[in-house]
Amino acid sequence: MWRTQIPKSIYARFFVSWSRVRREVLVLRDILLKFNARKVIEFGCGIGRHGYLLSKLGFDVLLTDIRDWRFGSARRMPFKIYDVLEGGNIGVFDAGYAMGLIIVFNYEQIIRALHNIGELLGKGIFIFDYNFTIYNEPREKIVRIRGREYRAIMMKEEIEPIEGGVLYKYRIDILDDKGNLVGVEDTEYSVYDKETIFKAIEEAGLKIEEIHWAKWDPIKYKYRLSKKEADSAFIAVRKTV
Ligand SMILES: C[S@@+](CC[C@H](N)C(=O)[O-])C[C@H]1O[C@@H](n2cnc3c(N)ncnc32)[C@H](O)[C@@H]1O
């Protein structure tokens with residue numbers, strides 16, 4: 001199961017830039033508006049930037065995650081602990097979304113999570129992103145935080161075939177400008193192909209309402225929307241009746 005031991009201020013700068021979040025939020029906004037959704041729940045919100053920007057756009061957002069690691073302005077947002085693998089009722093919403101969440105689960109967990117979310121949202125739409133392939137990740141990335149330079153170094157990368165996709169294992173070390181180790185992400189997650197994800201959606205009792213294709217840029221660390229089928233997608237699903 002995916003986990004990180006990188007301090008959230010550093011994690012935010014490396015992996016959740018405002019420019020990445022803004023791009024994803026615009027896709028979410030368009031789909032939510034199309035389905036007339038105002039009151040929405042975010043699952044696996046992490047540091048909470050998506051929900052924060054959506055609330056600035058006028059949506060009524062409840063952030064949720066299995067742990068509270070909101071950072072910065074998102075700390076002022078409504079938040080509840082919620083485990084999508086456990087499910088259960090925590091309110092009534094027009095729609096829900098999750099970025100970078102479904103990718104952390106294996107096949108059985110994806111079905112369970114999607115099923116639980118479907119039960120919670122009823123007729124409401126659920127939007128999530130998924131990367132169907134492994135990327136050529138940069139070996140090293142540098143960012144400046146409050147005048148100091150930090151380096152993220154890919155220390156290990158392994159790919160194992162599994163049914164319907166691959167298991168991706170990696171370790172990223174974060175070093176400060178004095179060479180001290182300040183954070184580690186040593187983890188793994190499954191990456192399934194498109195057919196397998198579509199099958200999981202169906203098995204969970206949901207159907208696809210919309211797909212927006214996107215290309216992931218591992219250097220800029222953000223999506224670029226694509227008119228044709230591409231390596232990633234924003235998928236809007238809804239419970240079948
Ligand atoms: C890769 S991070 C993505 C965070 C954020 N949504 C983003 O896009 O930057 C995955 C998030 O899912 C959360 N998570 C993991 N398992 C979960 C579960 N069973 N239910 C809800 N959230 C979960 C983690 O705590 C983490 O915040």
Side-chain angles (χ1 to χ4, degrees), residues 1-29 40-55 61-75 77 79-91 93 96-121 126-131 134-135 137 143 152 168-172 183-191 200 204 214 216-218 220-223 232-235:
M1 169 64 108
W2 181 90
R3 66 186 174 282
T4 192
Q5 277 116 23
I6 299 173
K8 53 192 178 182
S9 59
I10 297 176
Y11 185 88
R13 285 283 280 122
F14 274 105
F15 305 114
V16 204
S17 69
W18 283 112
S19 122
R20 178 203 138 199
V21 174
R22 217 172 288 123
R23 187 157 292 178
E24 293 170 15
V25 159
L26 292 181
V27 180
L28 293 172
R29 177 200 63 183
V40 296
I41 176 168
E42 174 167 351
F43 305 100
C45 70
I47 65 164
R49 285 186 167 171
H50 293 84
Y52 174 74
L53 280 193
L54 279 170
S55 75
V61 187
L62 173 67
L63 299 179
T64 69
D65 201 299
I66 43 168
R67 68 184 174 108
D68 184 1
W69 58 300
R70 286 170 297 154
F71 174 66
S73 355
R75 277 191 302 230
M77 296 277 299
F79 173 85
K80 281 187 185 165
I81 295 286
Y82 189 76
D83 184 340
V84 295
L85 299 177
E86 294 280 323
N89 195 2
I90 47 162
F93 304 92
Y97 66 92
M99 294 290 109
L101 173 66
I102 298 303
I103 193 77
V104 306
F105 296 137
N106 66 28
Y107 189 72
E108 285 67 36
Q109 290 170 328
I110 294 176
I111 296 173
R112 198 170 347 135
L114 290 177
H115 172 80
N116 289 342
I117 290 170
E119 290 301 303
L120 175 69
L121 295 177
F126 169 60
I127 310 156
F128 66 99
D129 65 326
Y130 201 87
N131 296 337
I134 290 292
Y135 304 98
E137 299 286 346
V143 299
Y168 180 52
K169 300 179 177 177
Y170 64 95
R171 175 185 164 124
I172 294 173
V184 174
E185 189 166 299
D186 187 357
T187 192
E188 60 184 47
Y189 59 86
S190 317
V191 180
W216 179 254
D217 182 333
K220 293 195 175 133
Y221 210 81
K222 62 182 174 188
Y223 287 117
S232 312
F234 292 76
I235 309 174

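Order of appearance sets the numbers: ligands from 1, and atoms from 1 within every ligand. Predicted model, so just to flag it, every value in this text is computed and none were measured.
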Undergrad: Where does the angle between the aromatic ring planes of Trp216 and Tyr223 fall among parallel (under 30°), tilted (30 to 60°) and perpendicular (over 60°)?
TA: perpendicular
Undergrad: What atoms of ligand 1 come closer than 4.0 angstrom to any heavy atom of Cys45?
TA: 5 (C), 6 (N)
Undergrad: Minimum heavy-atom separation for Leu53 and Arg22, please, with both atom names.
TA: CD1-CA, 3.9 Å
Undergrad: Return the residue, atom name and 0.1 Å-rounded distance of the protein heavy atom closest to atom 3 (C) of ligand 1.
TA: Gly100 O, 3.5 Å
Undergrad: What residue and heavy atom of the protein are closest to atom 21 (C) of ligand 1, and at what distance?
TA: Tyr82 O, 3.4 Å
Undergrad: Do you know which two heavy atoms are closest between Leu63 and Arg70, and how far apart they sit?
TA: CD1-CD, 3.8 Å
Undergrad: With no hydrogens and no angle check, is any side-chain donor or acceptor of Arg49 less than 3.5 Å from a backbone partner on Val16?
TA: yes
Undergrad: Please work out whether the ring planes of Phe128 and Phe126 are parallel, tilted or perpendicular, with thresholds of 30° and 60°.
TA: parallel
Undergrad: What protein heavy atom lies closest to atom 19 (N) of ligand 1? Include the residue and the distance to one decimal.
TA: Asp83 OD1, 2.7 Å
Undergrad: Starting from atom 12 (O) of ligand 1, what is the nearest protein heavy atom, named by residue and atom, and what distance separates them?
TA: Leu101 CD1, 3.3 Å
Undergrad: Would you please classify the geometry between the Tyr11 ring and the Trp69 ring as parallel, tilted or perpendicular, with 30° and 60° separating the classes?
TA: perpendicular
Undergrad: Would you kindly specify which portion of Ala98 sits under 4.0 Å from ligand 1, judged on non-hydrogen atoms: side chain, backbone, both or neither?
TA: neither
Undergrad: Considering both backbone and side-chain atoms of Asp65, is one of its nitrogen or oxygen atoms within less than 3.5 Å of a nitrogen or oxygen in ligand 1?
TA: yes
Undergrad: Is a side-chain donor or acceptor of Thr187 paired with a backbone partner of Arg3 at a separation under 3.5 angstrom?
TA: yes
Undergrad: With respect to atom 17 (C) of ligand 1, which of Ile66, Asp129, Leu63 exhibits the smallest heavy-atom separation?
TA: Ile66
Undergrad: Take Arg20 and Glu24 through the salt bridge (charged side-chain N to carboxylate O under 4.0 Å, His left out) test and state the conclusion after the steps.
TA: CA-CA 7 Å; Arg20 178 203 138 199; Glu24 293 170 15; 2.8 Å; yes
Undergrad: Is it true that Arg20 lies under 4.0 Å from ligand 1, counting heavy atoms only?
TA: yes
Undergrad: With distance as the sole test, does Thr64 use its side chain to make a donor-acceptor pair with the main-chain N or O of Ile81 at under 3.5 Å?
TA: no
Undergrad: Hey, what do you get for CZ (Phe71) to OG (Ser73), rounding to the nearest 0.5 Å?
TA: 8.5 Å
Undergrad: Counting only nitrogen or oxygen atoms and a 3.5 angstrom limit, does Val84 reach ligand 1?
TA: yes
Undergrad: In terms of atom number and element, which parts of ligand 1 are under 4.0 angstrom from non-hydrogen atoms of Met99?
TA: 3 (C), 5 (C), 6 (N), 7 (C), 8 (O)
Undergrad: Where's the contact between Trp69 and ligand 1, heavy-atom distance under 4.0 Å: side chain, backbone, both or neither?
TA: side chain
Undergrad: Return yes when His50 approaches ligand 1 closer than 4.0 angstrom through a heavy atom, no otherwise.
TA: yes
Undergrad: Just distances here: any N/O of Val16 and N/O of ligand 1 closer than 3.5 Å?
TA: no
Undergrad: Under 4.0 Å from a heavy atom of Gly46: give me the atoms of ligand 1 that qualify, with their elements.
TA: 4 (C), 27 (O)
Undergrad: What residue and atom, counting heavy atoms only, is the protein's closest point to atom 4 (C) of ligand 1, and at what distance?
TA: Gly44 O, 3.5 Å
